[in-house]
There are 2 protein chains.
Amino acid sequence: MKNPIADLNKIFDSRIRLGVMSILVVNDEIGFNDLKQMLELTDGNLASHLNTLEQAEFIKVHKGFIGRKTSTTYAITALGKQAFKAHLDALEKMIKKL
Amino acid sequence: MKNPIADLNKIFDSRIRLGVMSILVVNDEIGFNDLKQMLELTDGNLASHLNTLEQAEFIKVHKGFIGRKTSTTYAITALGKQAFKAHLDALEKMIKKL
DNA sequence: AAAAGTGCTTTGTTTTTCAAAGTTAAATAA
DNA sequence: TTATTTAACTTTGAAAAACAAAGCACTTTT
């Protein structure tokens, strides 16, 4: 039998990063605070997970303004979409034996 | 919006424990070594994850014999089946927006 | 002017992961 | 019968990851 977990992406082992991605898949752009509230996280915790996803180029950051107030938003990249989908496929394959 | 990761079970954040469960769902009984080979793990690593799953009462251990040689097998419990299913449902709900 | 919000970074602790080595007991090979 | 091997661990210790809390620069609200 083939190793069933080999195709899972390590980056998505984390529930938080999984949550971020699942939100970004359906929201073109989302703000730091919205994510923070949705996922019920502290600033530091969220920021570091976002950082990990950004390093992997699975998300991109957009720093803009609402009026003259800064507003940071996050969006999924093409690579991110692809990697997330691949991960979900791997998960599905793993459990479709059910 | 409701926190999409709240219903994910922390125990299944680990790819390895996820892998063990997915194997146990389709195999009534499986040996330590088989798991080790399927998941490509060291003894210690596998043993500790199995321990975590056992603590949670998601799997049960059966120590028996093949002839007079010890043989340890693992099986999923009813609770484990339920928890795993709930986790997968939560995952599915999270991403079914796709 | 003071308080509060945004989006971080930094710091430090706790938790988790993992490999490697040691262990006990039995099986098999020499 | 002695030596080696295999099974299934446990223990040890190091590295990585998760996380909360505090600090910070800047801005808006009161």
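Chain A is the first sequence line, chain B the second, and so forth, proteins listed ahead of strands; every chain is numbered from 1. What's counted below: heavy atoms across the whole structure, side chains too, no hydrogens, waters or symmetry copies.
In this structure, NZ of B:Lys36 is placed 11 Å from C1' of D:dC9, rounded to the nearest angstrom. The distance between atom CZ of B:Phe12 and atom C1' of C:dT16, rounded to the nearest whole Å, is 17 Å. In this structure, B:Leu35 atom CG and D:dA7 atom C1' are separated by 13 Å, rounded to whole Å. Rounded to whole Å, the distance from NE2 on A:His62 to C1' on C:dG7 is 15 Å. Taking atom CG on A:Asn33 and atom C1' on C:dG7, their separation rounds to 8 Å, with Å as the unit. Atom NZ in B:Lys63 sits roughly 14 Å away from atom P in D:dA7 (whole-Å rounding). Note: CZ (B:Arg17) to C1' (C:dT17) measures 9 Å, nearest angstrom.
With DNA chain C read from its 5' end, the first of the two nearest nucleotides for A:Val61 and A:Lys10 is the one closest to A:Val61. A residue-by-residue look at A:Glu40 and B:Thr73 shows that B:Thr73 has its nearest nucleotide of DNA chain D further toward the 5' end. Two residues, B:Arg15 and A:Phe32, neighbour DNA chain C, and the one matched to the more 5' nucleotide by heavy-atom proximity is A:Phe32.
Each of A:Asn45, A:Asn51, A:Thr52 was checked for a side-chain hydrogen bond (donor to acceptor under 3.5 Å, both in side chains) with A:His49, and the lone residue meeting it is A:Asn45.
Interface residues of residues 41-54 of chain B facing DNA chain C, ordered by number: B:Thr42, B:Gly44, B:Asn45, B:His49; criterion, heavy-atom separation under 4.0 Å.
For the pair B:Asn27 (side chain) and B:Ile23 (backbone), a donor-acceptor distance under 3.5 Å is present.
A:Glu57 CD: 12 or fewer foreign heavy atoms inside a 6.0 Å radius.
Residues B:Tyr74 and B:Phe58 keep their aromatic ring centres 6.0 Å or farther apart.
One finds no salt bridge joining A:Lys93 and A:Asp7 here, because no Lys/Arg side-chain nitrogen approaches an Asp/Glu carboxylate oxygen to under 4.0 Å.
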Expected list for residues 79-90 of chain A: side-chain donor-acceptor pairs under 3.5 angstrom, two or more places apart:
residue: A:Lys85; atom: NZ; partner: A:Asp89; partner atom: OD2; Å: 3.0
residue: A:His87; atom: ND1; partner: A:Asn9; partner atom: N; Å: 3.0

